[in-house]
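Worksheet for the structure shown next.
Just so it is clear, the model here is predicted, and its values are computed rather than measured.
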Amino acid sequence: MTRSNNLIYKVFKFSDLLAFIVSLFILVGFNSTLIGSNNIYDFLTMRVSMVNFIIVSILFGLYSFFFEQLSLYQPKYLPHTLITDAFSIIKAQLIINILVLATGNLLNISIFTGWLVILVLFPATVVLTLLFRHIVWFSIKRFHLGDSNRRHILFLGDCEYAFAYANKLKNQESHIIGHLSADALGSNHNDKVIGTFKDFDEILKYNIIDDLVIFTDTSARNPDLDSVIYRAHSQGIMLRFPMASVVSTLFKNTEMTKINLDNISFSSTDKAAPELTVQSGYHIGGAFIFKRIIDLTAAILGLIALSPLFLVCIILINLQSRGGAFFVQERYGYNGRIFKLIKFRTMIAGADAMQDKLRETSNELDGAAFKMKNDPRITALGRFLRKSSIDELPQLINVLKGDMSLVGPRPLPKADYDRFTDFRHLRRLSVLPGITGSWQVDGRNNLSFNEWMKLDCDYIDNWDHWLDIKILLKTIPAVLKGKGAS
């Protein structure tokens, strides 16, 4: 289980317990209305005895226990549908409600002794658990931790242990791209082997790769293997070294290796097989989740507050020239995922077709990117929208969709990435691209391409919430002064 999914399971556990607590209040409300027993206020203000506290704690513990035993926190439930959850949830809630009823009768707890436990508490817990899980899953997908929280994984190594490990992950929380071997045919001649170490660059060009699981002997000096590891790490791809694989390089051809591999478990109570991970991009954890919460909150509030300005811009752009109010272009996002960036249109219709010629004669930036101060394609209104950065505001929609963040490296067109000559610059793809970033507030057009890329890598290396806040605060005067905008 990856760190991101471990976090997801904790949120599911919280939502399941919350559903149970809300169901208890519903039960109290029905008891008060139909039977005339304590109402919700009386229930909340009643003195809690030590015995009652212990009973409730045990019930909560059993609640999580039965959900665990019925595999409701296993990775296979990540490709989420209500149908996959429903049967197991009904079974778990039935067991728990029978225990609640038995406990109420045994200890004479009036609220848990009547027929309303089965007629009210049971259906309430089932419906609310399914509802809360659906809300949680819908919300989590907005965080965009990969493709609906699936990781795209490439394996280095074609031993039997690598295939077994990949099979455990397949169709759960990961998309297995395939295996690369050291030699042309692969030691096991398996159809899951899609190439050799030398083919890595070509495979990387046409595939999203989030993780590289290394299941080969790294102690043996193999230039091709070293090149793959260096390239992947330099680009921000997470390197995962299963500990059993590491041990196998130290204890070759002994039973100890097999014992360690056999100890890897993927049961519902396991977090994962032990792995050493090395990364140079985002650490997917609580800090990243908090960043996405800020992104979503700001995007929603911003789109609501700016809706009158959006309406004015749409009308003015359409009045000035044909071509629609929005400019939509494919850009590379997190780990090379393609998304459609949205901006207000600032150029004449057909501007894209003119760029190649202008790039050859009038590009004012060195390197792969294109920038032209007096671009003839920009309309009069478009020049104002660019100078004021108003043209960037529709990207709040991209933030809401999970394609972008408020702060991060600027997403470049696919044509620019095709011109990258230093693959280390591709590390900027290891984080979500942003509406604003270090480049926008520290120079824009005044920086060389290499200086720009260095700013992006420095942001990735030093990222924390305070850095995002500093960049956001520096963006305000930069926008007001039109610093570097054109």
Item to check | Heavy-atom side-chain contact between L121 and L24 under 4.5 Å | outcome: yes
Next on the checklist: As a quick check of understanding, evaluate salt bridge (charged side-chain N to carboxylate O under 4.0 Å, His left out) for K454 and D458, giving each step before the final call.
Outcome noted: CA-CA 6 Å; K454 185 178 185 305; D458 287 344; 3.0 Å; yes
Checklist entry - How about R322 and I348: do any of their side-chain heavy atoms sit closer than 4.5 Å? => result no
Checklist entry - Is there side-chain contact between Y417 and L429, with at least one heavy-atom pair below 4.5 Å? => result yes
Checklist entry - Just checking, any donor-acceptor pair under 3.5 angstrom between side chains of S23 and T125? => result no
Checklist entry - When you measure from the side chain of N398 to the backbone N and O of I342, does any donor-acceptor pair fall under 3.5 Å? => result yes
Next on the checklist: Under a 3.5 Å distance rule, please check whether D211 uses its side chain to pair with a backbone N or O of V213 as donor and acceptor.
Outcome noted: no
Item to check | D468 side-chain N/O to K291 backbone N/O, donor-acceptor pair under 3.5 Å | outcome: no
Checklist entry - Is there a donor-acceptor pair closer than 3.5 Å between any side-chain N or O of R331 and the backbone N or O of P411? => result yes
Next on the checklist: Suppose we call two aromatic rings close when their centres sit under 6.0 Å apart. Are F420 and F449 close by that rule?
Outcome noted: yes
Checklist entry - Are the aromatic ring centres of F215 and Y165 under 6.0 angstrom apart? => result yes
Item to check | Side chain proximity check, L406 to L396, heavy atoms < 4.5 angstrom | outcome: yes
Checklist entry - Do any N or O atoms from the side chain of R151 and from the backbone of I153 form a donor-acceptor pair under 3.5 angstrom? => result no
Next on the checklist: side-chain contact (heavy atoms from CB on, under 4.5 Å) for I397 and D403? Distances and angles first, verdict last.
Outcome noted: CA-CA 9 Å; I397 299 172; D403 299 324; over 6 Å; no
Checklist entry - Salt bridge between R240 and D210, side-chain N to carboxylate O under 4.0 Å? => result no
Checklist entry - Do L18 and F132 come within less than 4.5 Å of each other through their side chains, counting heavy atoms only? => result yes
Next on the checklist: Looking at D464 and W466, would you say the former's side chain and the latter's main chain have a donor-acceptor pair under 3.5 Å?
Outcome noted: yes
Checklist entry - Would you call I378 and R386 a side-chain contact if the rule is heavy atoms closer than 4.5 Å? => result yes
Item to check | Over-ring placement of R133 relative to F12, 6.0 Å and 45° cut-offs | outcome: yes
Next on the checklist: Ring centroids only, cut at 6.0 angstrom: are Y334 and F339 within range, meaning strictly under it?
Outcome noted: no
Checklist entry - Is the backbone of E392 close enough, under 3.5 Å, to the side chain of S389 for a donor and an acceptor to pair up by distance? => result no
Next on the checklist: Would the distance check show the side chain of R428 and the main-chain N or O of H425 forming a donor-acceptor pair, the cut-off being under 3.5 Å?
Outcome noted: no
Checklist entry - Which atom pair, heavy atoms only, marks the closest approach of F197 to D224? => result CB-CB, 3.8 Å
Next on the checklist: Is there a salt bridge (charged side-chain N to carboxylate O under 4.0 Å, His left out) between E330 and K414? Walk through the geometry before answering.
Outcome noted: CA-CA 7 Å; E330 287 189 343; K414 295 169 65 177; 3.3 Å; yes
Next on the checklist: If you apply the rule side chain to side chain donor-acceptor pair (under 3.5 Å), what do you find for R410 with T436, and how did you get there?
Outcome noted: CA-CA 7 Å; R410 185 76 190 133; T436 187; over 6 Å; no
Item to check | Donor-acceptor side-chain pairing of R292 and S405 below 3.5 angstrom | outcome: no
Checklist entry - Taking C-beta and beyond as the side chain, do V328 and L341 meet within less than 4.5 Å on heavy atoms? => result no
Checklist entry - Quick one: does S234's side chain have a donor or acceptor within less than 3.5 Å of a partner on Y230's backbone? => result yes
Next on the checklist: Could you go through I314 and F326, starting from their C-alpha distance and side-chain angles, then the distance that decides it, and tell me whether this counts as side-chain contact (heavy atoms from CB on, under 4.5 Å)?
Outcome noted: CA-CA 8 Å; I314 291 170; F326 295 101; 3.9 Å; yes
Next on the checklist: With a 3.5 Å distance limit and no angle check, can you tell me whether D199 reaches the backbone of G195 through a side-chain donor-acceptor pair?
Outcome noted: no
Checklist entry - Under a 4.0 Å N-O cut-off, is there an ion pair linking R427 with D461? => result yes
Next on the checklist: When you compare the side chains of Q93 and T129, does any donor N or O come within less than 3.5 Å of an acceptor on the partner?
Outcome noted: yes
Checklist entry - Does some side-chain heavy atom of F344 sit less than 4.5 Å from a side-chain heavy atom of F327? => result no
